[in-house]
Amino acid sequence: MTVALTVVSGNGRAWRLTEQIGSGSEGFVYGVEDTRPLVAKLVPDPPDPEAFRRRVARLVRQRREPRTVELLSGTPVRLSWPLVPVRTAGGGPERVDGYVMTDMRHAYQPFSHLLDPHARRAHLPAATWATALCAALALARLLARVHAEGYVVGDLKPDNLWVDETGRIGMADVDSWQFTDGRDTFAGRMRTPGYTAPERIAAPAGAPPDSASDDFALAVLVHQLLVAGLHPFAGHPAGGGCLRDYTSYDDNVVHGRCRLLDRTSVLLPRSAPPADLLPRPLAEGFRAAFAPAGRRPTAAGWARSLAAELAPGRLKVCAVNARHVHTVERPWCPWCDQAGQGFDSYPDDPREDA
Ligand SMILES: [Zn+2]
């Protein structure tokens with residue numbers, strides 16, 4: 001979609017918008033004409049425009065504060081932080097607020113490319129289970145750092161994440177985070193089905209997130225990464241020996257229907273990756289994260305247990321297919337087992353359809 005729009009910053013710097021490249025929480029992202037890799041996010045109808053402008057201004061200011069130094073260090077940059085507030089040019093009440101940020105596409109691909117088998121084959125053909133482990137570790141480390149600096153993501157989900165072929169992770173939609181600035185609290189409101197902690201599903205709309213609700217979403221994402229895209233609460237409800245209608249991931253979350261908690265609680269296709277592909281410490285982490293009374297691991301805890309699985313000698317390459325990488329805890333290859341059931345998540349030749 002082409003647009004003929006210009007955005008301007010408070011000091012008069014103007015950017016012409018090029019094409020619309022995406023839509024995020026409450027807003028739209030556009031390419032901008034600039035020699036640097038930048039994009040603009042515009043939020044046409046925020047619930048409280050003044051609060052939105054204040055939120056963006058505070059985030060822009062925090063870029064120069066000590067709490068963001070480590071978060072914003074490194075190349076490629078891991079966070080698409082708001083760089084400068086902008087408004088659409090021209091007068092009138094129809095002016096739209098937004099901000100300019102780093103274009104993550106210059107260094108990353110959409111995170112969903114690593115989860116979806118077909119996109120993985122097309123866009124990340126060299127990815128293996130080791131890449132998934134690296135991405136899970138990078139995500140856990142980044143979230144642990146975000147929490148350590150007092151931020152809560154609130155709406156952690158694949159749409160807000162980026163990944164590269166080595167498993168490095170980037171995060172966008174920083175304007176929906178929850179944070180404090182001086183005496184002011186900027187609450188997070190957004191939530192996404194399938195990535196909402198059970199206590200927030202049950203709470204009234206608008207209940208604020210916290211680092212523990214982020215940790216639930218992190219566990220879901222780590223499970224998706226390590227089980228070739230499978231959502232931990234996927235499956236047709238099957239408890240008590242009778243099939244019920246599938247409603248949603250959130251319905252399964254609320255009722256604890258999860259293969260790792262109770263393998264009779266859901267029905268999954270035979271071609272789903274086997275549950276025992278997970279090394280024991282990680283399987284225990286997922287049970288603790290998803291059980292109703294479990295002690296949910298923190299992001300820092302996930303980072304420790306994921307790093308341990310990447311230690312020398314913990315990974316094994318299948319003798320049949322070099323793209324089948326798995327934990328040494330499992331004596332034979334889980335991906336060959338899966339292939340025997342009709343689908344190979346990491347096929348030998350990614351150009352061929354499994
Ligand atoms: Zn194999």
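Because the structure is a prediction, the values reported are computed rather than measured. The residues of the chain are indexed from 1 along the displayed sequence.
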ask   = Is there a chain of hydrophobic side chains (I, L, V, M, F, W, Y, each step under 4.5 Å between heavy atoms) that links Val152 to Met171?
value = no
ask   = Does Asp250 have any salt bridge (charged side-chain N to carboxylate O under 4.0 Å, His left out) partners at least two apart in sequence or in another chain, and if so, which?
value = none
Non-hydrogen side-chain atoms of Glu329 and Leu282 separated by less than 4.5 Å = no
task = Quick one: pull up OH in Tyr30 and OG in Ser23 and give me the separation to the nearest 0.5 Å.
result = 9.5 Å
request  = Please collect all salt bridge (Lys or Arg N to Asp or Glu O under 4.0 Å) contacts where either partner lies in residues 284-305, sequence neighbours excluded, each pair once.
outcome  = Glu199-Arg296
query = Under the side chain to side chain donor-acceptor pair (under 3.5 Å) test, which residues partner Thr180, sequence neighbours left out?
reply = none
query = Counting only N and O atoms by type, is there a donor-acceptor contact under 3.5 Å from the side chain of Asp214 to the main-chain atoms of Gly154?
reply = yes
inquiry  = How long is the straight-line distance from OH of Tyr99 back to CG of Asp175, given to the nearest 0.5 Å?
reply    = 3.5 Å
query = Going by heavy atoms in the side chains, are Tyr108 and Arg78 under 4.5 Å from each other?
reply = yes
inquiry  = Return the CZ to CG distance between Arg63 and Leu71, rounded to the nearest 0.5 Å.
reply    = 12.5 Å
inquiry  = Are the side chains of Phe343 and Pro117 in contact, using a 4.5 Å heavy-atom criterion?
reply    = yes
task = Among residues two or more places apart or on two chains, list those pairs meeting side chain to side chain donor-acceptor pair (under 3.5 Å) that have a residue in residues 133-143.
result = none
request  = Give, for atom CD1 of Ile169 and atom CG of Leu225, the distance between the pair rounded to the nearest 0.5 Å.
outcome  = 6.5 Å
query = If only atom types and distance count, is the side chain of Trp129 paired as donor or acceptor with the main-chain N or O of His324 below 3.5 Å?
reply = no
ask   = In Å and rounded to the nearest 0.5 Å, what is the OG1 to CG distance from Thr196 to Leu156?
value = 10.5 Å
query = With a 4.5 Å limit on heavy-atom distance, are the side chains of Pro82 and Val174 in contact?
reply = yes
message = In this structure, would Leu115 and Leu268 fall into the same cluster of hydrophobic residues linked by side-chain contacts under 4.5 Å?
response = yes
task = Name the orientation class of the two ring planes belonging to Phe286 and Trp302 (parallel below 30°, tilted from 30 to 60°, perpendicular beyond 60°).
result = tilted
task = Could you tell me whether a side-chain N or O of Asp116 sits under 3.5 Å from a main-chain N or O of Ala119, the two making a donor and an acceptor?
result = yes
request  = Applying side chain to side chain donor-acceptor pair (under 3.5 Å), name anything that partners Arg263, two or more places apart in sequence or on another chain.
outcome  = none
inquiry  = Taking the basic N atoms (NZ, or NE/NH1/NH2) and the acidic carboxylate oxygens, is any pair closer than 4.0 Å for Arg61 and Asp181?
reply    = yes
ask   = Quick check: does any side chain N or O of Arg323 sit under 3.5 Å from a backbone N or O of Ala127, one acting as donor and the other as acceptor?
value = yes
message = For residues Tyr195 and Tyr246: do they belong to one hydrophobic cluster (side chain heavy atoms under 4.5 Å, members Ile, Leu, Val, Met, Phe, Trp, Tyr)?
response = no
note = Heavy-atom closest pair (Gln224 atom, His231 atom, distance to 0.1 Å) is CG-CA, 3.9 Å
task = Without swapping roles, check the side chain of Lys316 against the backbone of Pro331 for a donor-acceptor pair under 3.5 Å.
result = yes
inquiry  = Would the distance check show the side chain of Glu309 and the main-chain N or O of Leu133 forming a donor-acceptor pair, the cut-off being under 3.5 Å?
reply    = no
note = Tightest non-hydrogen contact, residues Pro273 and Ala228, listed as CG-CB, 4.0 Å
key: Counterpart residues, salt bridge (charged side-chain N to carboxylate O under 4.0 Å, His left out), relative to Arg16 (two or more places apart)   = Glu33
inquiry  = Once rounded to the nearest 0.5 Å, what's the spacing between atom CG of Leu260 and atom NE2 of His223?
reply    = 4.5 Å
query = Transitively linked via ILVMFWY side-chain contacts under 4.5 Å: Leu310 with Leu143?
reply = yes
message = Has Thr128 got a side-chain atom pairing as donor or acceptor with Ala130's backbone, closer than 3.5 angstrom?
response = yes
Any Asn160 side-chain heavy atom under 4.5 Å of Thr192 side chain = no
ask   = Can the positive tip of Arg259 be found less than 6.0 Å from the middle of the six-membered ring of Phe290, inside 45° of the ring normal?
value = no
task = Give a yes or no on whether the ring-centroid distance for Phe233 and Tyr249 is below 6.0 angstrom.
result = no
inquiry  = Salt bridge check, Asp251 against Arg257: does any charged N sit closer than 4.0 Å to a carboxylate O?
reply    = yes
key: Check: Gln62 main-chain N/O paired with Thr68 side-chain donor or acceptor under 3.5 Å   = yes
key: Listed partners of His326 passing ring pair (Phe, Tyr, Trp, His ring centres under 6.0 Å), at least two apart   = none
task = Identify, with sequence neighbours excluded, every residue that meets ring pair (Phe, Tyr, Trp, His ring centres under 6.0 Å) alongside Trp81.
result = Tyr151, Trp177
request  = Using the test side chain to side chain donor-acceptor pair (under 3.5 Å), find all partners of Arg330 that sit at least two apart in sequence or belong to another chain.
outcome  = Asp276, Asp337
message = Check whether Arg55 reaches the backbone of Ala187 with its side chain - one donor and one acceptor, N or O, closer than 3.5 Å.
response = yes
remark   = What one should report as the nearest heavy-atom pair of Gly313 and Val328 is O-CG1, 3.2 Å
inquiry  = Taking side chain to side chain donor-acceptor pair (under 3.5 Å) as the definition, give me every residue that meets it alongside Glu149, ordered by chain and number, with sequence neighbours left out.
reply    = Arg145
query = Which other residues end up in the same hydrophobic cluster as Val8, if Ile, Leu, Val, Met, Phe, Trp and Tyr are linked when side-chain heavy atoms come under 4.5 Å apart?
reply = none
query = Are Leu124 and Leu137 connected in the hydrophobic side-chain network, where two residues link if heavy atoms are under 4.5 Å apart?
reply = yes
task = Return the minimal non-hydrogen interatomic distance between Phe186 and Asp184, and the atom names on each side.
result = CE1-CB, 3.7 Å
ask   = Can a donor-acceptor pair be found between the side chains of Asp215 and Thr298 at a distance below 3.5 Å?
value = no
ask   = Closest heavy-atom contact between Val77 and Met104?
value = O-CE, 3.7 Å
ask   = Is there a donor-acceptor pair closer than 3.5 Å between any side-chain N or O of Thr18 and the backbone N or O of Gly31?
value = yes
query = Listed by chain and number, what are the ring pair (Phe, Tyr, Trp, His ring centres under 6.0 Å) partners of Phe111, not counting sequence neighbours?
reply = none
key: For the student: nearest non-hydrogen atoms of Ala303 and Ala140, plus distance   = N-CB, 3.7 Å
